[in-house]
Amino acid sequence: MKVILNQDVKHLGEEGDVKTVANGYARNYLYPRNLAVPYNDMTVAFFESRKAEIEAKKAAKRQDAASLKDKLEAAALEIVMPAGQNGKLYGAVTNQTVADALTKAGYEIERKRIEIPGATIKSTGKYTCTIRLYEAAVAEVSFVVKSQEQAEKEAAETAAAETKAE
């Protein structure tokens, strides 16, 4: 069954897109929630009249994604994890861990959009991950994984440097 989406529907499409979906999905999910309308001459004409408005919304989303990409690539993330003497982590850094670090830095990114090479990181060091934003916009975010001992040592060094400067 062909439908035209009234709103953005996750994993299906964006407002104004024409999609072919199963009859039951349209009748039981999309239509009752007013997420889509049937594809017919009247609805096509209605969406043609709103085409400029829909394109303006998409352009705004693209612009937001581009600015977010620049901010994310400039951000310096630091993830502190418990680790052994040789730098091997007791746990692992996953996309959820990176999402939590981004939330602390002030960015709301879904963990499903974050891709870590090799799925997990199991040792300290400097790494990069990719974040899928909107359409083809992808941000490369670099971050440092440190052990708790390293983080405490650096904090003590900076505190000592500040007291010495005073």
Side-chain angles (χ1 to χ4, degrees), residues 1-82 89-146:
M1 170 183 288
K2 269 185 152 180
V3 297
I4 302 176
L5 299 177
N6 268 342
Q7 302 172 18
D8 295 354
V9 179
K10 204 174 201 177
H11 305 298
L12 186 59
E14 296 180 331
E15 181 179 9
D17 289 352
V18 176
K19 295 290 180 174
T20 303
V21 297
N23 293 343
Y25 182 57
R27 272 195 315 268
N28 297 326
Y29 183 76
L30 297 175
Y31 293 161
R33 289 169 177 78
N34 200 25
L35 298 175
V37 292
Y39 182 86
N40 57 34
D41 295 335
M42 203 166 69
T43 56
V44 169
F46 174 72
F47 277 96
E48 285 298 322
S49 67
R50 290 187 50 213
K51 193 171 199 162
E53 176 189 338
I54 293 169
E55 285 301 318
K57 285 182 183 178
K58 287 183 181 182
K61 286 182 184 179
R62 282 187 205 100
Q63 185 65 34
D64 291 344
S67 65
L68 182 61
K69 176 184 177 184
D70 294 338
K71 289 177 186 175
L72 284 173
E73 288 179 347
L77 289 179
E78 188 174 292
I79 299 174
V80 178
M81 298 283 290
L89 300 178
Y90 290 134
V93 176
T94 62
N95 56 357
Q96 181 63 51
T97 313
V98 175
D100 293 342
L102 285 168
T103 302
K104 286 180 185 174
Y107 303 103
E108 282 298 320
I109 307 284
E110 295 176 8
R111 70 175 176 81
K112 294 177 183 176
R113 295 182 175 275
I114 300 170
E115 296 174 1
I116 296 176
T120 60
I121 296 170
K122 297 189 178 194
S123 61
T124 59
K126 189 170 185 172
Y127 299 95
T128 60
C129 66
T130 57
I131 299 175
R132 289 178 280 109
L133 299 171
Y134 180 73
E135 289 179 342
V138 176
E140 292 284 332
V141 178
S142 60
F143 58 94
V144 177
V145 178
K146 294 183 178 179

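All of these numbers come straight from a predicted model, not from anything done at the bench.
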**OP:** Identify the residue among Lys104, Lys126, Lys146 that makes a salt bridge (charged side-chain N to carboxylate O under 4.0 Å, His left out) with Glu78.
**Re:** Lys146
**OP:** Check the pair Lys61, Lys58 against side-chain contact (heavy atoms from CB on, under 4.5 Å), reporting the backbone distance first and the verdict last.
**Re:** CA-CA 5 Å; Lys61 286 182 184 179; Lys58 287 183 181 182; 5.5 Å; no
Subject >> Under-4.0 Å salt bridge between Lys57 and Glu14 >> reply: no
Original post:
Closest approach of Leu12 and Lys19, non-hydrogen atoms and distance?
Top reply: O-CE, 3.1 Å
**OP:** List the atom of Lys112, the atom of Arg132, and the distance in Å for their closest heavy-atom pair.
**Re:** O-NH2, 2.7 Å
Original post:
Could you go step by step and tell me if Phe47 and Asn6 meet the side-chain contact (heavy atoms from CB on, under 4.5 Å) rule?
Top reply: CA-CA 9 Å; Phe47 277 96; Asn6 268 342; 3.2 Å; yes
Original post:
Going by atom types only, do Thr43 and Asn40 share a side-chain donor-acceptor pair under 3.5 Å?
Top reply: yes
Subject >> Shortest non-hydrogen contact between Ala101 and Ile79, atoms and distance >> reply: CB-CG1, 4.0 Å
Original post:
Between atom CD1 of Ile114 and atom CD1 of Ile131, what is the distance when rounded to the nearest 0.5 Å?
Top reply: 5.0 Å
Subject >> Which atom of Met1 lies closest to which atom of Ala26, heavy atoms considered >> reply: SD-CB, 3.5 Å
Subject >> Chi angles and distances behind the side-chain contact (heavy atoms from CB on, under 4.5 Å) call for Val141, Val98 >> reply: CA-CA 10 Å; Val141 178; Val98 175; 5.8 Å; no
**OP:** Could you give me the CA-CA distance, side-chain angles and deciding distance for Glu15 and Leu5, then say whether side-chain contact (heavy atoms from CB on, under 4.5 Å) is met?
**Re:** CA-CA 5 Å; Glu15 181 179 9; Leu5 299 177; 5.7 Å; no
Original post:
For Ile54 and Gly16, which heavy atoms make the closest approach, and how far apart are they?
Top reply: CD1-CA, 4.1 Å
Original post:
So, for Val37 and Tyr31, which heavy atoms are closest and what is the spacing to 0.1 Å?
Top reply: C-CE2, 3.8 Å
**OP:** Compare all side-chain heavy atoms of Thr97 with those of Ile116 and state whether any distance is below 4.5 angstrom.
**Re:** no
